[in-house]
Each structure stands twice: as C-alpha cells, then as structure tokens.
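To keep things clear, I will list the structure first and then write my remarks on it.
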Amino acid sequence: MVKFKQNIRGNVALGVNPLGCKQAVLNQIDYVKSKGTYEGPKKVLIIGASSSYGLATRVSLAFGAGADTIGISYEKGPKSEKSLGTAGWYNNIAFREAAEKEGLTAKNFVQDAFSHETKQEVIDYIKNDFGGKIDLVVYSLASGRRTDPDTGETYYSSIKAIEEPVVGPNINMQKQTYYTETLDPATDQEIADTIKVMGGEDWELWMKALKEADVLADGVLTTNYSYLGTELNQPYYGHGTLGRAKADCDDKADNINELLTDINGKAQIVVATAVTTKASSVIPFFPVYCIGLYKVMDEKGTHETPIMHMDRIYREMIYGDKAEYDEVGRLRPDSWELDSDTQAKTKELIQKLNEDNFNSELTAYDIFYKEFSNLSGFMVDNYVDQEVSLEELKALEF
Ligand code: NAI
C-alpha cells in the first residue's frame with residue numbers, strides 16, 4: 001500500500017495524497033450544493049481546470065448550474081511510490097467521476113494548452129462529441145513557461161520587480177521561518193517574456209481558434225482572472241512583471257471583445273481576491289500579505305477560499321444581480337479584500353510581524369498553511385485514512 005507523505009520544498013508542495021485530493025474536491029462539491037442551484041451556462045470550456053481557481057470555477061458551474069464542462073490542464077500521473085504525480089491529476093479524476101455520477105459531461109484534456117494541436121483537438125471534440133456550442137470560456141492558466149506554437153521558442157516568466165529592487169519579509173513553509181528577501185528588478189527581456197507567458201496572447205489565440213471553428217454560441221462569455229492588489233503588494237505585484245502581464249490581458253480583452261462583436265460575445269476580466277494556490281505561494285512576500293490579510297478577513301467573516309470566491313462570482317455576480325464593475329469594466333469581486341478598513345488593519349498587522357510571532361495567533365499562518373496543505377490532499381476536512389495500492393492509482397483514468 002502506498003504511504004502518503006507531505007513533502008514541501010520552500011513553498012512548493014512535492015508530496016501528494018490522491019485520496020485527500022479527492023476528498024477536497026468532494027468538499028468543494030458539497031459547498032456548492034449547500035448553496036442550491038442557479039441559472040448559468042450549460043456548455044463550458046475551462047483552460048487551466050485542475051486546481052484552485054479553475055477547478056473551483058468548474059465545480060461551481062457543474063454542480064451549481066448543471067454545466068457540461070471541458071477542462072484542460074497540464075498534470076502528471078503516478079509512476080512509482082516516490083513519484084505519485086501531481087494533485088491536479090487526481091483532482092481531474094475526482095471531478096469527472098462526481099460529475100458523471102450526476103449525468104454531466106466532464107471531459108479532461110491533460111496536455112499543453114498553449115499548442116495549436118490542443119486547440120484543434122478540443123475544437124474537434126466540441127464539434128463531434130460535446131453536444132453543443134460553448135457559452136462560457138474560462139481562462140485560468142498559471143504557468144512558468146510557454147512555448148510559442150508558431151516559432152517553437154520557449155519563454156519563461158519571472159516574478160520580479162521593475163526598475164527598483166524590493167526588499168521585504170517572506171516565509172518558508174518547509175523550514176517554518178520568516179526571513180528577509182530581496183527581489184531584483186527584471187530586465188526588459190524578462191518583462192517581455194513574462195508577458196509572453198502570463199499575458200493575454202494565448203487567451204486571444206484560443207478565442208480566435210474557437211470563433212473561426214464556429215464552436216462559440218451566440219452571446220458567449222469569456223472570463224480571465226486578474227489580480228490588482230493594493231498598496232501593500234504593488235512594488236512586487238502590480239508594478240512588477242506579473243502586473244505587466246495582467247495589464248496585457250486587459251488589452252487582449254479589448255481585442256477579444258472586437259472579435260466577438262458579431263456573435264454578441266463578451267470578454268470579461270475578473271479581478272479576483274488573493275487566495276492560497278500553487279501559483280500564489282511562490283510569489284515572493286505574498287504569503288506574508290496573505291497571513292495578515294486572512295487574519296483580518298477571517299475576523300470580519302469575509303475570508304474566502306477559491307470555491308467560496310468563484311461560486312460567489314458566478315452565482316451572485318456574473319449570473320446573478322450583484323455584479324460590481326470598475327470604471328474600465330472589470331468585474332471587482334476583490335472589493336472585500338480592498339475594503340479600506342481591511343487594508344488598514346492588514347497593514348498595521350503586517351508591520352508588527354517578525355520571526356518570533358509570524359506563526360502565532362496574531363496571524364492566519366495556520367489558515368494559510370492548512371489551505372496550502374489542502375492543495376495537495378493533506379489536512380483535508382472529512383478525510384478518513386484509507387489504503388490504496390500503486391496499481392490502483394495507476395489504473396485511474398482522467
Ligand atoms: P494554479 O497553479 O492553481 O492553476 C493553474 C492551472 O493551469 C492548472 O490547472 C494547471 O494544470 C494549468 N496549466 C498550467 N500550465 C498549463 C499548460 N501549459 N497547459 C495546460 N494547462 C496548464 O493557479 P491559480 O492560482 O488558480 O491561477 C489561475 C489564474 O488566477 C491565474 O491567471 C492567476 O494569475 C489568477 N489569480 C490568482 C490569484 C491568487 O491569489 N492565486 C488572485 C487573482 C488572480
């Protein structure tokens with residue numbers, strides 16, 4: 001029988017508990033079901049569907065709105081007891097099993113979303129097997145690299161400041177330490193490459209390919225998750241390389257809006273709240289912001305996990321009547337995070353932190369660590385220890 005061991009290097013999770021991942025997906029499904037159903041899209045394509053925001057979106061739309069879904073992700077399956085694969089691999093399987101039990105279509109593509117081949121295969125599937133055109137395309141990719149499908153050149157994103165270095169505190173969950181880190185400014189090449197990977201180019205390529213193939217329904221909506229943050233993280237996020245990539249998504253949304261005019265479609269940037277994910281845990285300084293922010297929001301009753309946030313966005317905002325937009329038309333569910341009292345208290349709290357108290361009742365380190373562990377199937381609520389063999393894990397199909 002396989003032994004599951006939580007194994008963290010820095011702020012990256014290496015170990016996985018496949019059965020814990022399954023329970024975490026079931027918990028998300030229960031959360032959505034507890035809220036009842038809502039009227040939403042019926043045929044959804046989610047690019048980046050296997051974890052955090054993309055997965056939460058899929059769970060909300062399938063179990064809340066009864067949507068058939070296609071999910072694309074890049075994950076690894078089990079090879080040996082030491083190499084059990086990635087959490088997203090098992091999330092895909094758990095999602096599909098649960099959705100199919102309810103009579104929903106849940107098709108997984110586990111391959112590179114940036115390639116032309118994947119786009120073509122997904123289009124062929126929509127035309128031949130999915131049973132209808134797409135009424136919502138969700139773009140929720142987070143990646144450190146992208147191979148340009150035309151040139152074959154691979155670009156790497158960097159999480160860096162721009163112009164000035166940034167010095168600040170960070171935490172290391174492996175060593176449970178609090179330390180000072182310096183983030184160097186990016187070169188022009190690094191800025192351009194980060195935009196190439198995390199900007200909106202691939203989103204636009206997807207929308208062009210889907211439109212050309214005539215697989216988008218009249219009135220189609222496409223969403224893309226952005227982050228703007230606040231004064232507290234501007235130097236390393238908004239004014240850094242990632243901020244530039246997000247600004248590029250805003251520009252590409254304009255192009256996509258033009259592209260979709262004749263089918264009454266819309267591209268919507270959704271400025272989402274800060275949450276604990278595989279991608280966000282490795283943003284320098286960001287975990288310190290989170291342990292302060294979550295403490296304040298938890299006390300106010302406004303702290304959300306990805307499933308809570310995404311379910312609210314689709315159920316209450318996009319397909320409900322509580323949408324809040326900013327002056328340039330972006331959806332702003334992050335208003336709870338940006339609330340001025342929340343930010344003032346977060347700032348005050350973060351200023352008090354040091355290596356002795358960062359992991360105390362003063363902060364939400366415990367919440368952050370638990371949410372981080374949950375991502376790879378550890379510390380999951382309602383999880384009961386079970387036995388499984390490597391062969392059984394290998395036999396699971398996505
Ligand atoms: P994540 O790392 O949990 O998920 C990324 C997804 O992309 C996974 O499904 C992964 O398999 C997939 N993926 C990566 N490379 C791929 C490839 N080449 N082909 C196919 N699939 C690939 O990331 P997270 O945090 O959920 O981020 C999703 C989006 O939400 C990003 O645009 C991020 O900037 C945005 N966002 C995140 C916030 C946060 O606090 N985590 C806040 C606001 C926005």
Side-chain angles (χ1 to χ4, degrees), residues 11-13 21 24 45-58 70-76 85-92 95 108-115 117-119 121-122 138-149 154-157 159 194 197-200 202-203 205-206 223-230 233 237-238 240-250 252 269-283 286-287 289-290 293-294 303-307 309-310 313 330-334 337-338 368 371-372 374-376 398:
N11 288 346
V12 177
C21 290
L45 168 63
I46 298 157
I47 304 159
S50 59
S51 54
S52 300
Y53 271 156
L55 174 64
T57 305
R58 195 178 191 188
I70 300 171
I72 307 171
S73 60
Y74 215 21
E75 303 291 347
K76 282 196 217 116
T86 53
W89 176 272
Y90 298 102
N91 294 341
N92 282 335
F95 175 86
N108 291 318
F109 286 87
V110 183
Q111 56 199 71
D112 184 12
F114 297 131
S115 75
E117 292 75 22
T118 296
K119 293 179 177 71
E121 280 177 44
V122 170
V138 178
Y139 195 86
S140 185
L141 272 199
S143 178
R145 53 182 271 176
R146 170 173 171 235
T147 300
D148 184 302
T154 299
Y155 297 85
Y156 295 86
S157 63
I159 308 178
T194 306
V197 178
M198 284 297 286
D202 182 59
W203 182 31
L205 286 176
W206 266 103
T223 51
N224 185 325
Y225 303 139
S226 188
Y227 184 70
L228 289 178
T230 72
N233 49 34
Y237 197 103
T241 48
L242 284 177
R244 290 286 177 91
K246 292 302 183 192
D248 183 67
C249 292
D250 291 354
K252 297 302 190 295
I269 295 288
V270 176
V271 186
T273 196
V275 286
T276 316
T277 73
K278 202 170 75 180
S280 67
S281 308
V282 294
I283 298 176
F286 199 64
Y289 172 69
C290 290
L293 177 77
Y294 295 0
H303 175 62
E304 293 176 302
T305 55
I307 190 63
H309 196 55
M310 284 300 145
I313 288 171
R330 293 176 296 212
L331 190 74
R332 300 306 298 267
D334 63 334
E337 173 184 348
L338 265 49
F368 188 79
E371 290 176 352
F372 176 79
N374 285 175
L375 295 172
S376 36
F398 65 77

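Because only heavy atoms are used, hydrogens play no part in the values below, and waters and symmetry mates are left out as well, while side chains stay in. Counting convention: from 1, in listed order, for ligands and their atoms alike. None of these values were measured; they are calculated from a predicted model.
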**OP:** Check Ser52 against Lys278 and note the closest heavy-atom contact, atom names and distance.
**Re:** OG-N, 4.4 Å
Subject >> Ligand-side contact atoms (ligand 1) for residue partner Ser140, heavy atom cut-off under 4.0 Å >> reply: 5 (C), 6 (C), 7 (O), 28 (C), 29 (C)
Original post:
Relative to the heavy atoms of Ser143, which atoms of ligand 1 are at a distance of less than 4.0 Å?
Top reply: 15 (N)
Original post:
Measuring from the heavy atoms of Lys246, does anything fall under 4.0 Å of ligand 1?
Top reply: yes
Original post:
So is there a nitrogen or oxygen of Ser226 less than 3.5 Å from a nitrogen or oxygen in ligand 1?
Top reply: no
Original post:
What is the nearest protein non-hydrogen atom to atom 11 (O) of ligand 1, stated with its residue, atom name and distance?
Top reply: Glu75 OE2, 2.8 Å
**OP:** Please work out which of Ala272, Ala142, Pro333 has its closest non-hydrogen atom nearest to atom 14 (C) of ligand 1.
**Re:** Ala142
**OP:** Report, in ascending order of atom number, the atoms of ligand 1 lying under 4.0 Å from any heavy atom of Ser50.
**Re:** 8 (C), 9 (O), 10 (C), 11 (O)
Subject >> Aromatic plane relationship, Trp89 with Phe398 - under 30° parallel, 30 to 60° tilted, over 60° perpendicular >> reply: perpendicular
Original post:
In terms of atom number and element, which parts of ligand 1 are under 4.0 angstrom from non-hydrogen atoms of Phe114?
Top reply: 18 (N)
**OP:** Within a distance under 4.0 Å of any heavy atom of Ser52, pick out the atoms of ligand 1 and give their elements.
**Re:** 3 (O), 26 (O)
Subject >> Asp112 and Thr147: CA distance, side-chain angles, deciding distance, side chain to side chain donor-acceptor pair (under 3.5 Å) verdict >> reply: CA-CA 9 Å; Asp112 184 12; Thr147 300; 5.2 Å; no
Original post:
For ligand 1, which atoms have a heavy atom of Ala279 less than 4.0 angstrom away?
Top reply: 2 (O), 23 (O), 25 (O)
**OP:** If you have a sec, work out which protein heavy atom is nearest atom 1 (P) of ligand 1 and how many Å separate them, to one decimal?
**Re:** Ser51 OG, 3.6 Å
Original post:
What are the atoms of ligand 1, with element, lying closer than 4.0 Å to any heavy atom of Ala274?
Top reply: 40 (O)
**OP:** Show which atoms of ligand 1 fall inside a sub-4.0 Å distance from at least one heavy-atom site of Lys278.
**Re:** 2 (O)
**OP:** Return the orientation label for the Tyr227 and Tyr237 ring planes: parallel under 30°, perpendicular over 60°, tilted otherwise.
**Re:** perpendicular
**OP:** Quick one: closest heavy-atom pair of Asn224 and Cys249, and the distance?
**Re:** ND2-SG, 3.8 Å
Original post:
Which word best sums up how the rings of Phe372 and Phe368 line up, parallel for under 30°, tilted for 30 to 60°, or perpendicular for over 60°?
Top reply: parallel
